[in-house]
Amino acid sequence: MLQDITLGQFFPGTSFLHRMDPRVKIGLLFLLIVLVFLCNTAPTYGLLGAFTLFLMLRSHVPMRMMLKSLRPLVWIILFTFLIHLCSHPGELIAQLGPFEITKEGLQQGIFISLRLVFLILLSSLLTFTTSPLKLTDAMERILSPGKKIGLPAHELAMMMTIALRFVPTLIEETDKIMKAQAARGSDFASGNILQRLKGFVPVLVPLFLSAFRRADELAMAMEARCYHGGEGRTQMKSLKAGRLDYMACSSMAVLTGLLLYLRFSMQ
Amino acid sequence: MSIRLEDVSYTYMRGTPFEKTALQHVSLSIEEGSFVAIAGHTGSGKSTLVQHLAGLIAPTGGRVLVDDVDLSDTSRAGKAAAKEARRKVGMVFQYPEHQLFEETVEADIAFGPRNLGCSEKEIAERVHAAMELVGLDYDTYHAQPPFQMSGGQKRRAAIAGVLAMKPKYLILDEPTAGLDPAGREKMLKEIRALHKKHGFTIVLVSHSMEDIARFAERMLVLRKGTCVLDDAPSNVFRQTELLEQSGLRPPQVTRFLQMLRRKGLEVPVDAITFEEGLKAILKAVQQ
Ligand SMILES: Nc1ncnc2c1ncn2[C@@H]1O[C@H](COP(=O)(O)OP(=O)(O)OP(=O)(O)O)[C@@H](O)[C@H]1O
Ligand SMILES: [Mg+2]
């Protein structure tokens with residue numbers, strides 16, 4: 001029933017995106033997001049679109065899976081598009097009742113929707129090519145300067161890791177409980193909203209109980225192995241930026257330069 | 001009347017890189033009134049197989065028929081019949097006590113019949129009957145919160161919840177896991193009583209060859225998603241080699257007899273239960 005959910009959505013592979021240092025990837029992703037917001041003309045959008053497509057192709061993640069990550073947001077994108085379509089004054093190209101569709105509106109609608117699509121695709125590229133463990137590891141490192149002002153970087157990262165670790169377990173558990181209650185005549189798929197919500201009580205109660213039980217057991221197991229937080233802990237695989245990462249940074253610098261040139265010189 | 005699997009295959013997470021084929025072209029039938037055990041190494045597909053029997057997962061290839069009704073029939077007429085047929089199969093999962101959720105044992109057992117739309121009177125009757133079947137005294141336990149009961153009692157309550165659906169076929173996935181020896185023994189005897197006295201058809205997934213030898217009339221051995229052996233336990237346990245390849249061994253008694261024989265005692269090695277073994281040894285020693 002729930003088996004099609006792939007959370008964390010990591011797609012194992014060996015492409016250069018997989019091999020890059022996760023910290024660098026996160027940093028560059030932020031830069032890319034800034035660049036997405038700087039785009040304002042067809043050439044700039046074209047350039048960024050081409051770059052995104054390049055990354056998608058080189059990541060070796062099947063296109064189908066990546067496009068699937070757009071699906072939950074399709075309505076928001078469509079809505080944004082329509083709003084922009086009807087709300088920009090300018091050269092009229094069609095009239096639908098009270099709505100005036102203008103050339104500017106159409107252009108703006110396409111641009112803003114593309115912006116959303118790029119944002120989603122780029123950030124899912126990060127999660128597709130970085131294992132959750134590496135991701136939290138990088139987070140810890142990125143946040144660690146904050147330790148000086150009392151930010152519990154290690155604890156936050158550990159919480160993330162544990163949460164991620166238990167997502168598949170809980171999905172499996174939910175699946176099992178749903179099946180067991182379905183075998184007792186529970187119906188999750190029919191009735192009005194209220195009935196359906198009520199139908200989930202027999203799933204949620206055992207699920208929470210088992211989550212608490214697991215949390216309790218895990219805490220005990222960690223303490224039994226003398227876990228006491230981040231102080232003085234070393235890592236088995238410490239992160240190290242290499243040639244690949246420097247190359248990626250340089251390419252990004254070139255891309256940034258090109259984009260800024262396109263944006264500011266063309267006006 | 002029977003549950004029939006016809007060329008059933010099942011793949012988890014189809015279409016993702018985590019694809020895992022759990023069953024491959026399994027064909028078998030569970031006759032009404034029989035007591036069938038399913039054995040196999042961990043990960044061999046036992047749980048997947050029994051979930052097909054109960055219609056809880058739809059095969060990715062082949063079909064499942066309960067009393068000649070195809071469970072994955074999606075035509076309008078077929079759907080209702082399939083739902084009806086699915087009702088005939090009760091499924092007790094591994095650690096069923098984890099699925100209790102109501103505030104009292106009685107309410108939890110009543111959950112199934114209530115979903116069926118039974119009248120209050122009928123629900124009360126079914127709860128009484130189900131608790132009696134699993135050996136939980138109604139007056140002592142009906143108002144207890146399940147979370148305060150012992151592990152074995154919780155499990156009984158959970159099984160009663162399934163029995164209250166009045167299934168014809170009862171599937172139990174490792175019902176004795178995590179119980180103490182006395183609890184195991186009691187649970188198994190109750191399952192046998194369900195079969196012998198109350199006429200349930202039983203499908204029992206078990207890791208214990210001793211238990212299978214004592215209780216089952218027929219056993220299936222799974223290996224890597226295929227059914228490699230399907231026969232009476234005494235015949236299956238004779239296939240030492242095939243068993244070993246499947247990660248299983250005959251019951252201790254049988255292995256003990258085989259050892260005696262290797263050491264030179266002229267004793268037949270086809271005994272699979274303790275009593276049979278004892279008889280065989282006594283006879284051999286007397287001669
Ligand atoms: N929800 C799932 N998603 C993906 N793969 C699964 C899932 N459930 C089971 N599998 C895989 O299918 C195979 C068969 O699993 P199954 O649970 O049927 O084994 P089993 O014989 O019941 O094992 P055990 O004796 O440990 O209970 C295993 O290799 C397992 O990894
Ligand atoms: Mg199992």
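Just so we're on the same page: letters track the sequence lines, and every chain starts at 1.
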[Y] and [X], any side-chain heavy atoms less than 4.5 Å apart:
| X | Y | answer |
| --- | --- | --- |
| A:Ile177 | B:Phe101 | no |
| B:Asn115 | A:Gln181 | no |
| B:Asp108 | A:Arg184 | yes |
| A:Arg213 | B:His98 | yes |

Distance, nearest 0.5 Å, that separates CE of A:Met178 from CD of B:Gln99: 12.5 Å

Is [X] atom [atom1] crowded by more than 12 heavy atoms from other residues, nucleotides or ligands, each under 6.0 Å away?
| X | atom1 | value |
| --- | --- | --- |
| B:Lys224 | NZ | no |
| A:Phe79 | CZ | no |
| B:Tyr95 | OH | no |
| B:Glu132 | CD | no |
| A:His60 | NE2 | yes |
| A:Tyr227 | OH | yes |
| B:Glu122 | CD | yes |

Which atoms of A:Ser186 approach chain B - backbone, side chain, both or neither, heavy atom under 4.5 Å: both

Under 4.5 Å from a heavy atom of chain B, the part of A:Pro12 involved: side chain

Whether A:Lys176 side chain and B:Gln94 backbone form a donor-acceptor pair below 3.5 Å: yes

Proximal component of B:Gln51, with respect to chain A [non-hydrogen, under 4.5 Å]: side chain

Interface moiety of B:Leu116 toward chain A, non-hydrogen atoms closer than 4.5 Å: neither

